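Take a look at the structure below.
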Amino acid sequence: MSANSWTIAAARDALRKGEITAVDLTMSCLTAIDAGDGLNAFVHKTPDLALDQARAADVRLATGAAPSMCGIPLGIKDVFCTKGVPSQAGSNILKGFKPEYESTVTRKLFGDGAVMLGKLNMDEFAMGSSNESSCYGPAVNPWKVDDILRTPGGSSGGSAAAVAADLCLGATGTDTGGSIRQPAAFTGITGIKPTYGRVSRWGVIAYASSLDQAGPMTKSVRDAAIFLQSMAGHDPMDSTSADLPVPDFEAALTGDIRGKKIGIPREYRIDGLPAELDALWSQGVAMMKDAGAEIVDISLPHTKYALPTYYVIAPAEASSNLARYDGVRYGHRAALASGDGITEMYEKTRASGFGPEVQRRIMVGTYVLSAGFYDAYYNRARKVRALIKRDFEQAFAAGIDAILAPIAPSSAFGLGEVGTTDPVEMYLNDVFTVTLNLAGLPGVAVPVGLDKKGLPVGLQLIGRPWEEGALLNHAYVLERAAGFVSKPQKWW
Amino acid sequence: MSIDIDTARKVAKLARIRVEDSDLPKLAGQLSGILGFMEQLNEVNVDGIDPMVSVTPMRLKRRADVVTDGNIQDQILQNAPDAREGFFAVPKVVE
């Protein structure tokens, strides 16, 4: 098995024992990346930087006291600002932008010795569930069971495709409404969206600031624990970053969940959930029960309103955040006609720099925040959001330790199949994932099996705030019980 | 709530995104569809509920009001589409 297919945990141990060098490990990934162009996952490759970092990691490993992530080759979602390396968030409006600074997440990862292989494809400004709104064109799912090219999900589609296809050992993602968990599910990998505030948002190009949260996408639950450890922690540069100690997540993986209460939310059993996905959910429930957990039927009554709430609040915040793209300070400026003034510059720059879905969300956000509609849409959505959060708080107050639910209403769909005429059709993909972003809760996606087509299906566990360790332990139990080891057949 | 063409034009103007007149009917239709989807929120009884204003109840940290950064003009202008003589350059604003 070539080194690029290793888990982070296995690579860490091999690096520490001197069984492989960080340079050789990085080279195996760079080779896989160059052979993986058909997946369109890596959109800016940084092999020279990667090898420099790998050489430095080898020096550090030789001292015998290197952090767990030292020498681990990663892909970085294009939404993270990386110094001197293109960082476009999948948008033409940031074409040519090379940040003069490093995001807190990548600074911390590099501080621990991690290696960056390049930047990964994503939906433009993380707005999308299929990676099809990217200025680079869609990333492609490495899982191919017929002649259809499928989406790896979105918005972290490049991250998911790269990890599933063994182009890297792990990748960063961000999750505003499901953008880590849904692509993880569509590609048969693991991904955790931490509690809002656990990971710094500084240097992460903003979409919806009260919902955005970065997390790792990996080949195992243990890897997610190791990777998250390096990303997490208080950052004075992010005013919503939590000033709380970060526990040892890997040490929390005991495999023992006896006596824990797992909530099964009845409102997630929606019409239109395919029978085989429902059956896999039931199998997941049985696995948790066999592991000694107590299964409890729970109600989260405002679940059905989460999606419309999200599609008011996220565009409202986006319309404000994306006002900064005006053609003055960075990125793209449209060619102007003689006599054009500054307003024409703004309007032409934003019309030519933003793609159609981003334009729609900015305009929806502008509308719901405009005078006369602010109370009817935005304030109402914020009130419903409070009720959605209260649903979860009541469940946890009643003793529930974690909630087990589906991630998406289908397995990976074909590129071009969804939402081409009606944007709302694509939004429906987020029905099971947006709830916990609205509530600020941690959630982890774990692959549990294949559907009849042979495509991976995952389940998500939702945890109490700040208890990612306990949540990952539940995920670890589910992972071991499900024993999902399938890999996509290489066709690319 | 249905969005007519004039409202679509006004929203595009507020958002500073140029939309050609020929594209306004399609835009109005899509915005109407999205806002129609949001109408479901009117079913929820929100009497006495305060709007959620922070994800985690917390007091924002304060820091001393002192200069902690600066003298990085070159870095700030580095990515500008048009920078001249130490400034961002834009089309003429004042007649």
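All figures in this text were calculated on a predicted structure; none of them were measured in a lab. By convention in this document, chain letters (A, B, ...) are assigned in the order of the sequence lines, proteins followed by strands, and residues within each chain are numbered from 1.
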Highest number of heavy-atom pairs under 4.5 Å with chain B among A:T309, A:T195, A:N379 belongs to A:T309
With a 4.5 angstrom heavy-atom cut-off, which part of B:F88 approaches chain A: side chain, backbone, both or neither? side chain
For A:G96 and B:N79, which heavy atoms make the closest approach, and how far apart are they? O-OD1, 3.7 Å
Comparing A:H332, A:K348, A:K383 against chain B, the one with the most heavy-atom pairs below 4.5 Å turns out to be A:K383
Would you mind checking which part of A:M345 comes under 4.5 Å of any heavy atom in chain B, side chain (CB onward), backbone (N, CA, C, O), both or neither? side chain
I need the residue from B:I72, B:V19, B:V11, B:T7 with the largest number of non-hydrogen atom pairs under 4.5 Å to chain A. B:V11
Against chain A, work out which of B:L14, B:D82, B:I34 has the most heavy-atom pairs shorter than 4.5 Å and name it. B:I34
For B:A89, is it the side chain, the backbone, both, or neither that has a heavy atom closer than 4.5 Å to a heavy atom of chain A? backbone
Return the CZ to CG distance between A:R360 and B:L31, rounded to the nearest 0.5 Å. 8.5 Å
For A:T349, is it the side chain, the backbone, both or neither that has a heavy atom under 4.5 Å from a heavy atom of chain B? neither
Heavy-atom pair of closest approach, residues A:L438 and B:M52: O-CE, 3.3 Å
Ranking A:R380, A:R385, A:R390 by heavy-atom pairs under 4.5 Å to chain B gives rank one to A:R380
Selection from B:L77, B:N42, B:L60, B:I76 maximising heavy-atom pairs under 4.5 Å formed with chain A: B:N42
Flag, side chain of A:K389 to backbone of B:V55, donor-acceptor distance under 3.5 Å: yes
To the closest 0.5 Å, what do you measure between CD1 (B:I17) and CD (A:E347)? 9.5 Å
If I compare all heavy atoms of B:V53 with all of A:R382, which pair ends up nearest, and what's the gap? CG1-NH1, 3.6 Å
Contacting moiety of A:S352, where chain B heavy atoms sit under 4.5 Å: neither
Name the region of B:L27, side chain, backbone, both or neither, that has any atom closer than 4.5 Å to a heavy atom of chain A. side chain
Which residues pass the ring-ring contact (aromatic ring centres under 6.0 Å, His included) test with A:W202, sequence neighbours left out? A:Y101
Do the side chains of B:K61 and A:D243 get close enough for a salt bridge, i.e. N-O under 4.0 angstrom? yes
Testing the basics here: between A:R333 and B:P81, what is the closest heavy-atom pair and its distance to 0.1 Å? CB-CB, 3.8 Å
Highest number of heavy-atom pairs under 4.5 Å with chain B: which of A:T240, A:D326, A:I313, A:L387? A:L387
Chain B contact via A:K304 - side chain, backbone, both or neither, heavy atoms under 4.5 Å: both
Under a 4.5 Å heavy-atom cutoff, which of B:K26, B:Q40, B:E43, B:R18 has the most pairs with chain A? B:R18
For B:M38 and A:V364 the tightest heavy-atom approach is CE-CG1, 3.5 Å
Counting only heavy atoms not in A:Y374 (residues, nucleotides, ligands), do more than 12 fall under 6.0 Å from its OH? yes
Measure A:V312 against the heavy atoms of chain B and call it side chain, backbone, both or neither at under 4.5 Å. both
If I measure from the heavy atoms of chain B, does A:A381 come under 4.5 Å with its side chain, its backbone, both, or neither? both
In Å and rounded to the nearest 0.5 Å, what is the CD1 to CZ distance from A:I362 to B:R16? 13.0 Å
Best-contacting candidate, A:G353, A:P465, A:A386, A:G440, against chain B by heavy atom pairs under 4.5 angstrom: A:A386
Between the CZ atom in B:F37 and the CG atom in A:D422, the distance rounded to the nearest 0.5 Å is 10.0 Å
Is it the side chain or the backbone of A:S319 that comes within 4.5 Å of chain B heavy atoms, both, or neither? neither
What do the steps show when you test B:E39 against A:Y377 for side-chain contact (heavy atoms from CB on, under 4.5 Å), and what is the final call? CA-CA 9 Å; B:E39 297 292 318; A:Y377 290 100; 3.1 Å; yes
A:V384 and its side chain to side chain contact (heavy atoms under 4.5 Å, CB included) partner, picked from B:N45, B:L41, B:I49: B:L41
Does a side chain donor of either B:Q78 or A:Y330 reach within less than 3.5 Å of an acceptor in the other side chain? no
Say you draw a straight line from OG1 of B:T56 to CG of A:L441; how long is it, rounded to the nearest 0.5 Å? 9.0 Å
Does any backbone or side-chain atom of A:L94 lie under 4.5 Å from a heavy atom of chain B? Answer side chain, backbone, both or neither. neither
So what's closer than 4.5 Å to chain B heavy atoms on A:L307: side chain, backbone, both or neither? both
From NZ (B:K13) to OG1 (A:T366), nearest 0.5 Å: 13.5 Å
